[in-house]
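The structure appears below as structure tokens.
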Amino acid sequence: MNHDEFADNHFIRTIIEDDLKSGKYPSIITRFPPEPNGYLHVGHAKSICLNFGLAYLYGGVCHLRFDDTNPEKESDEYVRSIKEDVQWLGFQWDGEARFASDYFEALYAYAEELIQKGLAYVDELTPEEMREYRGTLTEAGKNSPYRERGIEENLDLFRRMRAGEFPDGSKTLRLKIDMAAGNVNLRDPVIYRIRRVHHHRTGDAWCIYPMYDYTHALSDAIEHITHSLCTLEFEAHRPLYDWVIEHVSSPSEPHQFEFSRLELLYSITSKRKLNQLVQQGHVKGWDDPRMPTISGMRRRGYTPAGLRLFAKRAGISKSENIIDMDVLEGAVREDLEKTAPRMMAVLNPLKVEIVNFDAAKVQGKSVPFHPERPECGERELTLSDTIYIEADDFALEPPKGWKRLIVGGEVRLRYGYVMKCEEAVQDESGRILSLKCSIDYDTFGKNPEGRKVKGVIHWLPENTAVHATVRLYERLFTEERPDAVRGADGEYRDFVEFLNPHSETEIDAWVEPVANTLAAEARYQFERLGYFVTDRHDHTPEKPIFNRTVGLRDTWQK
Ligand code: ATP
Ligand code: MG
């Protein structure tokens with residue numbers, strides 16, 4: 001990781017630099033505040049790179065804080081996966097991971113403070129009544145009949161709410177702000193509700209839980225966050241954020257800044273919708289390599305540096321941030337190009353018999369696994385009497401401009417000899433069963449005499465090739481914006497209607513023997529085919545399993 005990765009200019013950087021220059025803060029503290037209600041996705045990767053990246057760039061710190069105020073949906077599994085994803089991306093939070101639930105006692109005390117100041121009251125409107133009283137965007141709301149209770153009565157009721165004297169949903173604690181406010185978020189928002197639900201950390205200690213906006217602002221204040229960065233949908237919540245900080249004896253005065261949410265075409269960036277894919281069995285789990293989750297992209301073979309490069313290219317601004325998949329794949333490819341060792345693999349094999357094979361004459365060659373990285377080592381490639389080539393590299397009736405193999409034509413075997421096809425062996429139906437070819441022994445490491453051979457194809461000697469399972473992935477959805485398609489009735493259609501039925505194919509393939517030595521998550525370029533990674537869970541050296549990460553070129557638009 002280096003500073004350049006995060007040094008692109010954007011409005012948040014400008015704000016931070018001004019704040020540091022003016023001495024408003026001696027150094028910055030940012031936070032990444034996921035709710036542990038699912039696995040992180042590519043949008044979170046952008047937010048992680050922003051928050052941790054800024055802290056890194058300015059020598060500040062970044063907290064990891066779980067906003068765990070909705071116990072029904074939260075779990076330790078999600079906490080564990082989120083920590084793993086942040087670290088895998090290359091970041092480390094300051095100190096221990098923090099939890100909003102660590103502050104429940106403090107948040108409760110601030111609520112009592114607000115009651116004491118006459119700024120919060122216990123309400124008994126039912127949810128339906130509350131909606132009715134709330135008003136609309138164009139109409140002011142009405143005051144609840146419980147709004148003018150005395151401070152003592154409010155305190156007593158709130159304490160009894162905490163003590164469990166009232167049924168779930170029967171009472172709430174609301175801020176006394178302004179039922180006529182143009183911003184509906186300021187119309188006496190609820191800050192506590194009664195819910196008897198087991199919490200993943202506090203267990204059954206609480207039967208009242210604080211609401212998100214209230215909790216978020218005060219958690220930032222308790223942690224002395226300087227710049228609280230979130231996505232634009234929270235812009236209208238900022239006045240409430242500021243109100244809360246202003247009206248309690250807040251330990252600090254954090255400020256919220258909003259940037260636009262990343263959206264990736266042909267994909268989905270919502271934990272709730274991703275959860276639906278998992279729960280309904282459309283994918284094989286949160287980390288299915290087709291998922292836009294960080295763990296899915298990891299299993300697909302994407303690299304931390306590739307994802308950081310993508311986040312940088314997506315950029316930070318307030319304007320729409322809808323990004324093509326080829327930007328993501330391009331960033332990953334760029335990183336893999338520099339780092340991944342190479343081998344030859346044949347995904348759709350055609351057997352070739354070398355009719356003039358002579359073991360005494362054949363020369364082997366030691367070939368580096370990466371042209372610019374000698375530390376990747378070398379291996380010996382030697383021709384055998386039978387080899388595999390890609391079926392696509394041969395054509396009985398070649399299209400115009402064909403540079404690969406035809407009957408009577410020649411190609412060079414990568415790192416080896418020039419080979420001529422003498423005959424295609426076919427069955428009665430005309431299906432090609434195998435080829436008979438000859439090699440020119442005078443072409444090892446040099447051009448053939450008196451003629452040009454343009455095509456170079458990859459191949460594997462049959463005697464050393466090893467079996468591998470290869471999983472090929474295509475886009476998960478057939479629509480650019482699967483969750484924004486409306487039906488004839490004007491309603492949104494269920495995005496699962498647009499799942500691509502061909503998003504995963506599993507094939508048997510041949511690869512080089514090095515596959516039998518690989519650990520999980522080994523990334524290789526299969527020459528001419530793309531980048532592949534050994535599967536994180538299912539691969540073993542004895543039974544290699546590769547996932548296709550991305551092709552060598554951008555084929556997304558085709
Ligand atoms: P989801 O709807 O997927 O649950 P969220 O915003 O509710 O997303 P949180 O767990 O609350 O998810 O998000 C943690 C942080 O990540 C927040 O600061 C949020 O603004 C940011 N974030 C979430 N989605 C995106 C996105 N698509 N692009 C950029 N930042 C995002
Ligand atoms: Mg959410």
Side-chain angles (χ1 to χ4, degrees), residues 10 12 29-55 62-70 72-75 77-79 81-83 85-86 89 91 93 97-101 200 211-213 215-217 219-220 223 225 227-238 241 254-279 286 291-297 307-308 310-323 325 327-328 481-484 495:
H10 52 71
I12 297 175
I29 308 179
T30 56
R31 87 286 169 268
F32 173 64
E35 187 186 349
N37 62 347
Y39 282 57
L40 299 181
H41 52 64
V42 61
H44 295 111
K46 165 172 167 165
S47 177
I48 291 169
C49 290
L50 175 66
N51 282 293
F52 284 91
L54 287 169
C62 182
H63 295 178
L64 173 63
R65 181 176 72 240
F66 293 96
D67 262 333
D68 52 350
T69 55
N70 281 310
E72 313 60 352
K73 294 185 186 151
E74 298 163 0
S75 79
E77 180 199 346
Y78 296 142
V79 169
S81 73
I82 289 170
K83 287 181 178 172
D85 288 349
V86 171
L89 273 176
F91 300 106
W93 50 90
R98 295 160 166 89
F99 293 84
S101 54
H200 76 120
M211 300 294 283
Y212 179 83
D213 284 326
T215 307
H216 192 75
S219 302
D220 282 348
E223 295 181 9
I225 301 300
H227 300 82
S228 176
L229 313 178
C230 63
T231 35
L232 272 172
E233 67 271 23
F234 291 101
E235 197 167 25
H237 298 236
R238 179 161 23 96
Y241 183 103
H255 287 278
Q256 175 180 306
F257 303 95
E258 307 88 13
F259 60 95
S260 48
R261 205 180 171 82
L262 170 82
E263 285 182 62
L264 190 62
L265 293 179
Y266 291 101
S267 192
I268 271 177
T269 44
S270 150
K271 287 195 228 102
R272 184 179 60 74
K273 291 173 187 165
L274 294 171
N275 194 21
Q276 186 184 335
L277 291 178
V278 176
Q279 297 313 323
W286 283 100
M291 288 281 269
T293 50
I294 295 178
S295 52
M297 294 188 290
L307 281 175
R308 295 197 302 264
F310 168 69
K312 175 179 155 122
R313 289 185 178 160
I316 298 297
S317 75
K318 281 185 182 283
S319 44
E320 230 180 31
N321 197 213
I322 302 174
I323 309 279
M325 195 62 104
V327 178
L328 175 57
R481 311 200 54 184
D483 51 354
F495 62 91

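The chain is numbered in sequence order, starting from 1. Both counts, for ligands and for their atoms, begin at 1 and track the order of listing.
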Would you check whether K271 has a nitrogen or oxygen atom less than 3.5 angstrom from a nitrogen or oxygen atom of ligand 1?
yes
Kindly identify the option in K46, H44, H216 whose heavy atom sits closest to atom 22 (N) of ligand 1.
H44
Report yes if the distance between the aromatic ring centroids of H216 and Y212 is under 6.0 Å, otherwise no.
yes
What atoms of ligand 1 come within less than 4.0 Å of a heavy atom belonging to T231?
19 (C), 20 (O), 29 (C), 30 (N), 31 (C)
Using heavy-atom distances only, which candidate in G43, A311, S270, S260 approaches atom 25 (C) of ligand 1 most closely?
G43
Non-hydrogen side-chain atoms of L262 and H41 separated by less than 4.5 Å
no
Does any N or O of ligand 1 fall below 3.5 Å from an N or O anywhere on L262, backbone included?
yes
Mark yes or no for whether D68, through its side chain, and F99, through its backbone, hold a donor-acceptor pair below 3.5 Å.
no
Could you say whether the N/O atoms of N37 and ligand 1 ever approach to under 3.5 Å?
no
dist K46:NZ -> F259:CZ (nearest 0.5 Å) comes out at 6.0 Å
Could you tell me which atoms of ligand 1, counted from 1 in the order shown, lie closer than 4.0 angstrom to a heavy atom of P34?
10 (O), 14 (C)
Counting only heavy atoms, tell me which of E263, R261, E258 gets closest to atom 24 (N) of ligand 1.
R261
Donor-acceptor check, side chain of K271 to backbone of E35, threshold 3.5 angstrom: yes or no?
yes
So do N51 and R31 actually touch side chain to side chain, heavy atoms under 4.5 Å?
yes
Tell me whether the count of non-hydrogen atoms from other residues, nucleotides or ligands lying under 6.0 Å of CD in E233 goes above 12.
yes
Location of contacts on R272 toward ligand 1, heavy atoms closer than 4.0 Å
neither
